[in-house]
Amino acid sequence: MSKPLRIALTKGRLEKDTVGLLEKLGFDCTAVREKGRKLILPVPDANLEVVLAKANDVITYVEHGVCDMGVVGKDTIMEMKGKFFELVDLGFGRCKFALATKKGFDFYSGFGIKTIATKYPNVARSFFEAKNMDTEIIKIEGSVELAPLLELADGIVDIVETGTTLKENGLEVIEDVAPISARLIANTVSLKLRHKEIENLIKLIEENL
Ligand code: PRP
């Protein structure tokens, strides 16, 4: 048997759905489910090796070819870009990027440069560049909703899933930026060298989505 195809999975929010999908394909994911603190786990019957990593690192490992494939959110792909193929929209991990402000704030009025807080500066920058709108972007690491509340920013560009965090903090979406869901990505060289195996896996996934 050839060496296992190595697939990097995003730890956390997407992990359960990804493992659920692999099991739906008929693969035994016991080692992944009972991983403890282990980070590389075999899925022997599928000749797969699962690597558990943070979203940004999934892209780094796939780009560098140390993982053949990866499962990562479109949010991370949009922010990091990079050289890899985006193969399949896996349909789970659905949410969106949105521009939000304090409830009732008239974001587009006035002439002053607006300040935007975000974990995704590249996404925010492209969104406002497309509108030809000058903004000051401030990078925040988490709980971005705090920034307008503390008067650091006029608005935020952030992930909205259920909308609960915005609602409970007196904020509202004023514009959708982009839809998000989990994507299967592949290293460009792996896609050539291990074409048949990757193609078979994609076929199986598409039949089971
Ligand atoms: C994300 C996002 C929002 C929240 C949205 O944050 O940045 O804060 O989830 O979810 P909701 O619409 O269902 O309320 P996450 O929980 O990943 O934590 P973080 O803000 O600390 O990064």
Side-chain angles (χ1 to χ4, degrees), residues 7-21 32-33 35 37 39 50-63 67 70-82 86 89-108 114-131 133 135-185 209:
I7 181 163
L9 308 188
T10 303
K11 282 202 285 194
R13 286 190 184 212
L14 297 181
E15 190 177 330
K16 218 170 124 218
D17 283 330
T18 314
V19 173
L21 174 65
V32 187
R33 288 206 177 269
K35 62 183 190 293
R37 299 290 295 168
L39 298 169
V50 163
V51 171
L52 292 169
K54 285 220 170 204
N56 289 3
D57 301 336
V58 167
I59 291 190
T60 304
Y61 293 137
V62 171
E63 241 192 317
C67 291
V71 173
V72 67
K74 184 70 180 175
D75 50 328
T76 310
I77 294 176
M78 285 174 68
E79 181 62 20
M80 283 190 65
K81 300 212 170 69
E86 193 183 313
D89 180 346
L90 296 171
F92 54 79
R94 273 192 200 285
C95 50
K96 65 182 178 185
F97 273 129
L99 169 64
T101 61
K102 278 208 261 190
K103 229 169 173 181
F105 179 70
D106 192 0
F107 181 80
Y108 287 113
K114 295 292 192 297
T115 305
I116 300 295
T118 184
K119 268 188 284 186
Y120 301 86
N122 294 327
V123 172
R125 202 167 294 115
S126 334
F127 176 68
F128 288 108
E129 268 172 14
K131 291 178 179 291
M133 188 173 157
T135 47
E136 186 194 349
I137 310 278
I138 300 178
K139 172 95 195 277
I140 296 289
E141 293 299 331
S143 301
V144 179
E145 293 84 356
L146 278 171
L149 301 179
L150 299 176
E151 316 261 304
L152 174 72
D154 299 301
I156 60 173
V157 168
D158 196 22
I159 289 173
V160 178
E161 194 179 350
T162 61
T164 311
T165 314
L166 291 180
K167 200 164 169 222
E168 292 193 2
N169 291 288
L171 306 175
E172 64 183 354
V173 169
I174 57 163
E175 203 171 329
D176 287 354
V177 174
I180 295 170
S181 56
R183 308 295 160 105
L184 182 72
I185 62 170
L209 280 183

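One-based numbering, in listed order, for ligands and for the atoms of each.
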Tell me which protein heavy atom sits closest to atom 20 (O) of ligand 1, plus the residue, atom name and distance to 0.1 Å.
Ser143 N, 2.8 Å
Considering non-hydrogen atoms of the protein only, which is the closest contact for atom 17 (O) of ligand 1, and what is the distance?
Arg13 NH2, 3.5 Å
Test item: Lys114 side-chain N/O and Gly155 main-chain N/O as donor-acceptor pair under 3.5 Å:
no
I'd like to know if Glu79 pairs up with Lys119 as an ion pair, taking the criterion as any Lys NZ or Arg NE/NH1/NH2 lying under 4.0 Å from an Asp or Glu carboxylate oxygen.
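So Glu79 does not pair with Lys119 through a salt bridge.
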Determine, for Lys81 against Glu63, whether the closest basic-nitrogen to carboxylate-oxygen distance falls under 4.0 angstrom.
no
Is it true that Glu168 lies under 4.0 Å from ligand 1, counting heavy atoms only?
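So Glu168 does not count as touching ligand 1.
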Could you tell me whether Thr165 approaches ligand 1 through its side chain, its backbone, both or neither, with non-hydrogen atoms closer than 4.0 Å?
both
I'd like to know whether Ile138 forms a side-chain contact (heavy atoms from CB on, under 4.5 Å) with Thr115, so could you lay out the CA-CA distance, the side-chain angles of the two residues, the decisive distance to 0.1 Å, and finally the verdict.
CA-CA 7 Å; Ile138 300 178; Thr115 305; 3.5 Å; yes
Per-atom contacts, ligand 1 versus [X] - under 4.0 Å to a heavy atom:
X      : value
Glu145 : 3 (C), 8 (O)
Thr164 : 12 (O), 14 (O)
Thr162 : 11 (P), 12 (O), 13 (O), 14 (O)
Lys119 : 6 (O), 7 (O), 19 (P), 20 (O), 22 (O)

Side chains of Ile156 and Leu166, heavy atoms from C-beta outward: is any pair under 4.5 Å?
yes
Could you check whether any side-chain heavy atom of Met78 comes within less than 4.5 Å of a side-chain heavy atom of Phe97, counting everything from C-beta outward?
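Yes; the side chains approach each other to less than 4.5 Å.
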Residue selection (non-hydrogen contact nearest atom 7 (O) of ligand 1) among Asp75, Ile159, Asp158
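Minimum heavy-atom distance to atom 7 (O) of ligand 1 goes to Asp158.
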Would one find an N or O of Val160, backbone or side chain, under 3.5 Å from an N or O of ligand 1?
no
Test Lys102 against every option in Glu151, Glu145, Glu172 by the salt bridge (Lys or Arg N to Asp or Glu O under 4.0 Å) rule and name the one that passes.
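That would be Glu151.
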